[in-house]
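I have placed the structure first, in the form of structure tokens, so that the comments after it can refer back to it.
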Amino acid sequence: MNKMSKTMSCRTFLSALMTLALVPTAWAQETLNVDLQSAISSALQHNKQLQASAVDREVYYQKVREARSGGLPQVSASLSTNTYFGDKLEFGGGSMDITATTLQATANWTFSMQQIAGVKLAKIAQRLTDQTIAQTELDVKANVTDTYYAVLVYERNIEILNSNMSDMEEIARHTENMYKYGAAERTDVDQIMVNVSTLKNSILSLQRSLESTKRLLVLQMGVPITTNIVTTQKIDDLMMAASDTASDKSLDIENNLSYQQLKLSREIGEQTVKVRKFAYIPTLTATYQYTNNLRGGSFMSFKNMGMLTLSIPIFSGFQRHSQLKQAQLDVSKTDINLALLEDNLQQNIEQYTFELQTALDAYNLQKENLDVAKRVLDNYKNKYNQGALSSLALTQANTNYLQAETSYASASLDLLMAHTKLDKLYNSFGY
């Protein structure tokens, strides 16, 4: 085998190895068809923050059980033995072995209003955890929705540019033929080819942005990073529903999750005040004790003993008073924050509605501009093919059309995102 054949054989072998290495990757890549609702469902199922919040929910459930257990009887038992190394108790001329083994069981039950209030406080804290989970779910829905919208906009732009480039390549071939027969100048051909090259660069840039946005959507959905996302909806279909200004909606402040969370925080504050107040109330403890001397022991011991103890708090160095005052101040502060949140929510509804109306007006305007730019371009193409128009005028008309397409896509995305902000404020996502 000569040197050249050895080199070719080595290249063939390396090529085969590379091919085999790529095959598993191709097999491992899964294609997933998703619409907006399925993307959100996947994100809610796999979101790591939501999974951590679910653990927090279980933690607070256990805290409620812990608080309840404090009000149940507490039972303990002990087995003890003692020895005096042969020494005996002497009295009246006699003696008694005092070495003993004793079994003792004790049951305590404490009734405290502070304990009862603590159980309710733990339950409210558990509800606050549920509200936190709901807020996280709302954030996930909004983020996935906006990312899905961005993917659709990029896909539409790439589709438009590909179609436009096909037209311009056809015009370039037509112009090249005209140049060969002396019906066009070389500058006409160059002008068209520059336009085609610019379109190719724009498509490549959009494709990179699309892949980056799809990777973000994959991460948000929690599916394997190698998953190939294929959208099953079109941006124009979603735009039909987004054309509504939502002016007929009114904000129910009680349905806003931020307001609900703050109200629960106030409820926690009020319950904390009760807990602090109950610290001034006496505590009643019932005790039962069973004693069994298994070996030896004193003749003065009794098997059964019961006791009631009333503990009355009198003075603790102003500690209880300070704790109560802090809890009351926290409630007052929460009241102020609630009033501030109400004002902010009213301001937000006005601002977001205004932004939505502005986005809708801009969308309608860009849609009209796009229709005009498309008609102008089609007219210029016909004139150019008939030799009645220069390549410079055609290129400028094509540039104007592409700018109109870009502005239309940007206005569409702004309108959809404005809807997302309102839906999040209303807590009215339909999925």
State whether [X] and [Y] are salt-bridged, where the test is any N-O pair (Lys NZ or Arg NE/NH1/NH2 against Asp/Glu carboxylate O) under 4.0 Å.
X	Y	result
R173	E176	no
E405	R156	yes
K214	E155	yes
K263	E254	yes
D371	K367	no
E211	R215	yes

Regarding [X] and [Y], do their side chains bring together a donor and an acceptor under 3.5 Å, going by distance alone?
X	Y	answer
Q135	Q131	no
N427	N256	no
N33	T232	no
Y290	Q104	no
T309	T285	no
D56	T129	no
Q326	D330	no
D361	Q357	yes
E30	T226	no

More than 12 heavy atoms of other residues, nucleotides or ligands under 6.0 Å from [atom1] of [X]: yes or no?
X	atom1	value
F315	CZ	yes
Y179	OH	no
K381	NZ	yes

Any donor-acceptor N/O pair, [X] side chain to [Y] backbone, under 3.5 Å:
X	Y	answer
N162	I158	yes
N157	A409	no
N47	A43	no
Y352	Q347	no
T358	F354	yes
T227	P224	yes
N364	L360	yes
S38	D35	yes
S407	Q403	yes
T399	T395	yes

[X] side, atom [atom1]; [Y] side, atom [atom2] - distance, nearest 0.5 Å:
X	Y	atom1	atom2	value
Y426	N255	OH	CG	11.5 Å
D146	M417	CG	CE	4.0 Å
L204	K200	CG	NZ	9.5 Å
I229	T213	CD1	OG1	12.5 Å
N292	T101	CG	OG1	11.0 Å
T231	L152	OG1	CG	5.0 Å

**OP:** Please say which of N195, D188, T175, T187 ends up in a side chain to side chain donor-acceptor pair (under 3.5 Å) with S391.
**Re:**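 Running side chain to side chain donor-acceptor pair (under 3.5 Å) over N195, D188, T175, T187 with S391 returns exactly one hit, D188.
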Subject >> Worked check of side chain to side chain donor-acceptor pair (under 3.5 Å) between Q346 and E350 >> reply: CA-CA 6 Å; Q346 291 299 333; E350 293 177 5; over 6 Å; no
Subject >> Step-by-step side chain to side chain donor-acceptor pair (under 3.5 Å) determination, Y259 to E342 >> reply: CA-CA 8 Å; Y259 186 79; E342 289 181 14; 3.1 Å; yes
**OP:** Would you please classify the geometry between the H174 ring and the Y384 ring as parallel, tilted or perpendicular, with 30° and 60° separating the classes?
**Re:**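 Ring orientation of Y384 relative to H174: perpendicular.
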Subject >> Pair L370-Q366, side chain to side chain contact (heavy atoms under 4.5 Å, CB included): steps then yes or no >> reply: CA-CA 6 Å; L370 177 60; Q366 296 302 330; over 6 Å; no
Original post:
Which heavy-atom pair separates A327 from R276 by the least distance, and what is that distance?
Top reply: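 Heavy atoms only, the tightest pair is CB-CG, 4.2 Å.
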**OP:** Please test T283 against L310 for side chain to side chain contact (heavy atoms under 4.5 Å, CB included), starting from the C-alpha separation and ending with a verdict.
**Re:** CA-CA 6 Å; T283 299; L310 185 65; over 6 Å; no
Original post:
Passes side chain to side chain contact (heavy atoms under 4.5 Å, CB included), M239 versus Y363? Steps please.
Top reply: CA-CA 10 Å; M239 291 308 303; Y363 167 77; 3.4 Å; yes
**OP:** Determine, step by step, whether Y280 and H321 satisfy the side chain to side chain contact (heavy atoms under 4.5 Å, CB included) criterion, reporting the C-alpha distance in whole Å, the side-chain angles of both residues, the deciding distance to 0.1 Å, and the verdict.
**Re:** CA-CA 9 Å; Y280 290 92; H321 178 269; 3.5 Å; yes
